[in-house]
Amino acid sequence: VSTQSTGEMITIRGGFNHQIHFPARRCFRRFNTSASKHSSSFEFENLFSTQIPHVKYLRKDPLQEKYNIPLSQLCELLFHPESKYLLFSSLKPILSSGSSSTHLFWKKESEMKEVIRAYVNDISKSKDSDHTVVFMGFDHNSPCFAVDTRQKTNTEGEAAFDLRDLLNFLPIDDAHLFTKAQGLLNWHSTHKFCSHCGSKLLSNLIGSQRQCTNDSCLIRFYPKLDPCVITLVVSGNKCLLGRKPVWEKGRYSALAGFVETGETVEEAVKREVKEESGIDVGRISYFSTQFWPFPVNLMIGFHAEALSSSISLDYQELEDARFFTFEEVSKALQEANEFPLPVQLQNFLLASSSPPPSPSESRRNALILPREFTLSHQLIKHWVTQQQLHQNTFRKQ
C-alpha cells in the first residue's frame with residue numbers, strides 16, 4: 001500500500017492496482033498530525049494495534065499434506081533460536097513475579113523446546129494436542145507465538161490470571177498483544193468440530209486456520225469477528241454514559257451492542273442507544289475500531305448527537321445511564337488509570353519492588369471511566385478535548 005497527496009486529494013494504492021481517493025481535508029482531520037489555525041489540534045492516534053507486524057504470506061501456509069502439515073520453513077520458525085512465546089494456561093495469561101510491575105512475559109525458545117516438539121509431533125500425526133500455538137508476527141527479527149497449554153504451571157514465581165483482571169494493570173502495548181493472543185486461542189478452543197459434517201477439526205501448525213478431517217469435506221475455517229458498535233452520545237456539554245450491574249461501583253462507559261444481521265453499523269448505533277437508554281440520536285460520526293477478546297469482537301466506535309433527553313432504561317442491559325457534564329467527565333478522565341488490585345494479583349505481586357498502586361478512598365466513590373487502552377476511553381477523551389478547544393476559542397473571542 002502506498003499513499004500520495006496532491007494537496008486537495010489523497011490517493012491510497014493497494015494490490016491489483018486498486019486506488020481509493022479521499023479529499024485531503026477530510027482525511028487529515030482524522031489521520032494527519034498537522035493542524036491549521038482553523039482546525040482541531042487534537043491528533044487522532046489509533047492505539048489499538050499490537051505494534052508487531054503480521055507477515056501474511058507465512059499465514060497462508062503453502063502446505064503439502066492433506067491436513068495442513070506445513071513446509072520445513074514453518075517448523076524452523078517454531079524452533080528458531082530468536083523465537084519467543086507468550087504463555088497461557090487454559091486461556092489465562094501467565095505472569096512472572098519479582099519485577100517492578102505486571103508485564104508481558106515471554107518464554108525463550110530454549111524454555112519451550114519440549115512443549116513445541118510435542119505440539120509439532122501431535123499435529124503431524126493429526127492428533128489433538130495438549131497445546132495450542134498461534135503465530136503472532138515478528139518483533140524485529142524475532143518470530144512471536146502465543147502458546148496455550150492445558151497443563152497447569154508449576155514453575156515458582158509464575159501464575160495464571162484471568163485476562164479481564166490483568167488488562168487494567170498491563171502496559172498498553174502488552175495489553176494489545178494479550179488481547180490478540182487471547183482472541184485467537186479462544187477461537188481454537190471453541191472450534192473443535194466441523195459445522196458442516198460434525199467431524200473433528202485440526203489446526204495448522206501456526207494456528208491461522210482449522211480444517212475438517214473428513215476426506216469428503218475438508219472445509220477450512222478461519223477466525224471470525226463479531227462486529228459491535230460502541231457509541232458516545234453527546235448533548236451540548238454533556239455525554240451519555242451507562243453501567244452494567246456486574247461492574248464495580250462508580251464505573252460507567254459508552255453504550256455498546258452487537259450489530260444484527262441485515263443492519264448497517266449506523267442503524268445498529270441508533271437501535272442500541274434507543275433500546276438501552278431510550279435516547280434518540282441524529283448525526284453519527286465514525287471514530288475508530290478496536291479488537292476486544294471477550295470473546296472475539298470488533299468494536300466500532302462512534303460519536304452521536306442526542307435528539308432527546310428523557311432516559312428510559314432497559315434494566316436487562318443497564319443498571320443506570322445518565323448524562324454527565326464536561327466537568328465531571330474531564331475530572332474522571334484524569335484518574336481513569338487508577339484501579340483497585342484484585343486480591344489474588346496483589347498477593348502474587350508482593351514480591352515485586354513496586355506493585356501497581358491502589359486508588360485512594362476518595363477515588364472509590366467517584367465516577368470511574370475505562371482505562372486508556374479501551375476504545376470507550378478514547379471516545380470520551382476525544383470529546384473532552386474538543387470541548388476544551390471550543391471553550392478556549394470562545395474565551396479568545
Engineer: Measuring only between side-chain heavy atoms, which start at C-beta, is Lys270 closer than 4.5 Å to Ile284?
Structural biologist: yes
Engineer: Taking Glu317 for the side chain and Glu276 for the main chain, is one N or O donor matched with an acceptor at less than 3.5 Å?
Structural biologist: no
Engineer: Using the rule that Ile, Leu, Val, Met, Phe, Trp and Tyr join whenever any side-chain heavy atoms are under 4.5 Å apart, tell me whether Leu225 and Phe221 fall into a single cluster.
Structural biologist: no
Engineer: Would you give the length of the straight line joining atom NE2 of His377 to atom CG of Leu379, rounded to the nearest 0.5 angstrom?
Structural biologist: 10.5 Å
Engineer: Could you tell me the separation between the NE2 atom of His390 and the CG atom of Asn237, rounded to the nearest 0.5 Å?
Structural biologist: 12.5 Å
Engineer: Can you find a side-chain donor-acceptor pair between Tyr252 and Arg322 that sits under 3.5 Å?
Structural biologist: yes
Engineer: Report whether Val234 and Leu307 are members of the same hydrophobic cluster (ILVMFWY, side-chain heavy atoms less than 4.5 Å apart, transitive linking).
Structural biologist: no
Engineer: Once you round to the nearest 0.5 Å, how far does CG of Asn214 lie from NE2 of His196?
Structural biologist: 12.0 Å
Engineer: Are Phe88 and Phe294 linked, directly or through intermediate hydrophobic residues, by side-chain heavy-atom contacts shorter than 4.5 Å (ILVMFWY only)?
Structural biologist: yes
Engineer: Considering all heavy atoms of both residues, which atom of His188 and which atom of Gly207 are nearest to each other, and what is their separation?
Structural biologist: NE2-O, 2.8 Å
Engineer: Are Trp187 and Leu91 grouped together when hydrophobic residues (ILVMFWY) are joined by side-chain heavy atoms under 4.5 angstrom apart?
Structural biologist: no
Engineer: Using the six-membered ring wherever Trp is involved, compare the ring planes of Trp292 and Phe373 and label them parallel, tilted or perpendicular (cut-offs 30° and 60°).
Structural biologist: parallel
Engineer: Consider only side-chain heavy atoms of I, L, V, M, F, W and Y, link residues closer than 4.5 Å, and tell whether Phe258 and Ile300 are in one cluster.
Structural biologist: no
Engineer: Counting distance only, does the side-chain N/O of Lys224 pair as donor-acceptor with the main-chain N or O of Tyr222 below 3.5 Å?
Structural biologist: yes
Engineer: Identify the heavy atoms of Ser89 and Ala160 that sit nearest to each other, and give their distance.
Structural biologist: CB-CB, 4.1 Å
Engineer: Do the side chains of Glu266 and Tyr286 get nearer than 4.5 Å, heavy atoms only?
Structural biologist: no
Engineer: Does Ser235 have any side chain to side chain donor-acceptor pair (under 3.5 Å) partners at least two apart in sequence or in another chain, and if so, which?
Structural biologist: none
Engineer: What pairs with Lys113 under salt bridge (Lys or Arg N to Asp or Glu O under 4.0 Å), at least two apart in sequence or on another chain?
Structural biologist: Glu109
Engineer: Counting only N and O atoms by type, is there a donor-acceptor contact under 3.5 Å from the side chain of Gln211 to the main-chain atoms of Ile219?
Structural biologist: no
Engineer: Return yes if some donor-acceptor pair links the side-chain N/O of Ser142 with the main-chain N/O of Glu82 below 3.5 Å, else return no.
Structural biologist: yes
Engineer: Compare every heavy atom of Gly301 with every heavy atom of Leu375, then report the nearest pair and how far apart it is.
Structural biologist: CD2-N, 3.6 Å
Engineer: Taking all heavy atoms of Leu367 and all of Ala332, pick out the closest pair and write down the distance.
Structural biologist: O-CB, 3.5 Å
Engineer: Side chain of Ser308, backbone of Ser310: donor and acceptor closer than 3.5 Å?
Structural biologist: no
Engineer: Any side-chain heavy atom of Phe324 sitting closer than 4.5 Å to one from Ile380?
Structural biologist: no
Engineer: Look at the side chain of Thr385 and the backbone N and O of Lys381, then say whether any donor-acceptor pair between them is shorter than 3.5 Å.
Structural biologist: yes
Engineer: Mind checking whether Val115 and Thr149 have side chains closer than 4.5 Å, heavy atoms only?
Structural biologist: no
Engineer: Find the distance between CD (Gln209) and CG (Leu201) and round it off to the nearest 0.5 Å.
Structural biologist: 11.0 Å
Engineer: Just by distance, do the side chain of Asp148 and the backbone of Ser90 share a donor-acceptor pair under 3.5 Å?
Structural biologist: yes
Engineer: Could you please spell out the steps behind the side-chain hydrogen bond (donor to acceptor under 3.5 Å, both in side chains) verdict for Ser330 and Glu327?
Structural biologist: CA-CA 5 Å; Ser330 180; Glu327 290 76 18; over 6 Å; no
Engineer: Taking C-beta and beyond as the side chain, do Asn297 and Phe291 meet within less than 4.5 Å on heavy atoms?
Structural biologist: no
Engineer: Which residues pass the salt bridge (Lys or Arg N to Asp or Glu O under 4.0 Å) test with Lys127, not counting sequence neighbours?
Structural biologist: Asp122
Engineer: So do Ser203 and Tyr119 actually touch side chain to side chain, heavy atoms under 4.5 Å?
Structural biologist: yes
Engineer: Quick check: closest heavy atoms across Leu163 and Pro293, and the distance to 0.1 Å?
Structural biologist: CD2-CG, 4.1 Å
Engineer: Could you give me the CA-CA distance, side-chain angles and deciding distance for Gln391 and Phe326, then say whether side chain to side chain contact (heavy atoms under 4.5 Å, CB included) is met?
Structural biologist: CA-CA 11 Å; Gln391 290 180 3; Phe326 163 77; 3.4 Å; yes
Engineer: Identify, with sequence neighbours excluded, every residue that meets salt bridge (Lys or Arg N to Asp or Glu O under 4.0 Å) alongside Asp280.
Structural biologist: Lys274
Engineer: Do Leu185 and Val134 touch side chain to side chain, with heavy atoms closer than 4.5 Å?
Structural biologist: yes
Engineer: Are Leu86 and Pro93 close enough that some pair of their side-chain heavy atoms sits under 4.5 Å apart?
Structural biologist: no
Engineer: Taking only residues two or more places apart in sequence, or in another chain, which ones meet Glu260 in a salt bridge (Lys or Arg N to Asp or Glu O under 4.0 Å)?
Structural biologist: Arg271
Engineer: Any donor-acceptor pair under 3.5 Å linking the side-chain atoms of Ser199 with those of Thr213?
Structural biologist: no
Engineer: Can you check whether Trp383's main-chain N or O pairs, donor with acceptor, with Gln386's side chain at less than 3.5 Å?
Structural biologist: no
Engineer: Return the SG to CG distance between Cys212 and Leu202, rounded to the nearest 0.5 Å.
Structural biologist: 9.0 Å
Engineer: Between Thr190 and Asn186, is a side-chain hydrogen bond (donor to acceptor under 3.5 Å, both in side chains) present by the stated rule, with each step listed?
Structural biologist: CA-CA 6 Å; Thr190 56; Asn186 182 66; 4.6 Å; no
Engineer: Distance-only, no hydrogens or angles: does the Asp314 side chain make a donor-acceptor pair with backbone N or O of Gln316 under 3.5 Å?
Structural biologist: yes
Engineer: Could you check Gln378 against Glu372 for side chain to side chain contact (heavy atoms under 4.5 Å, CB included), going step by step and ending with a plain yes or no?
Structural biologist: CA-CA 7 Å; Gln378 294 300 319; Glu372 185 180 8; 3.6 Å; yes
Engineer: When rounded to the nearest 0.5 angstrom, what distance separates CD1 in Ile279 from CD in Glu272?
Structural biologist: 14.5 Å
Engineer: Using a 3.5 Å cut-off and no angle test, enumerate the donor-acceptor pairs between side-chain atoms of residues 238-247 and protein atoms at least two apart in sequence or in another chain.
Structural biologist:
{"unit_1": "Arg243", "atom_1": "NE", "unit_2": "Glu319", "atom_2": "OE1", "d": "2.7"}
{"unit_1": "Arg243", "atom_1": "NH1", "unit_2": "Glu248", "atom_2": "O", "d": "2.9"}
{"unit_1": "Arg243", "atom_1": "NH1", "unit_2": "Arg251", "atom_2": "O", "d": "2.9"}
{"unit_1": "Arg243", "atom_1": "NH2", "unit_2": "Trp247", "atom_2": "O", "d": "2.9"}
{"unit_1": "Arg243", "atom_1": "NH2", "unit_2": "Glu319", "atom_2": "OE1", "d": "3.4"}

Engineer: Between Gln387 and Gly236, what is the shortest heavy-atom contact and its length?
Structural biologist: NE2-O, 3.6 Å
Engineer: Would you say the ring centroid of Phe287 lies under 6.0 angstrom from that of Phe302?
Structural biologist: no
Engineer: Ser277 and Leu255: side chain to side chain contact (heavy atoms under 4.5 Å, CB included), yes or no, with the steps?
Structural biologist: CA-CA 9 Å; Ser277 68; Leu255 305 188; 4.0 Å; yes
Engineer: Using only atom types and a distance under 3.5 Å, with no angle test, would you say the side chain of Thr231 pairs donor to acceptor with the backbone of Val233?
Structural biologist: no
Engineer: So, Gln182 versus Thr179: side-chain donor-acceptor pair below 3.5 Å or not?
Structural biologist: no
Engineer: Please assess Lys180 against Met136 for the test side chain to side chain contact (heavy atoms under 4.5 Å, CB included), listing each intermediate value before the final yes or no.
Structural biologist: CA-CA 8 Å; Lys180 178 186 176 181; Met136 300 281 288; 3.9 Å; yes
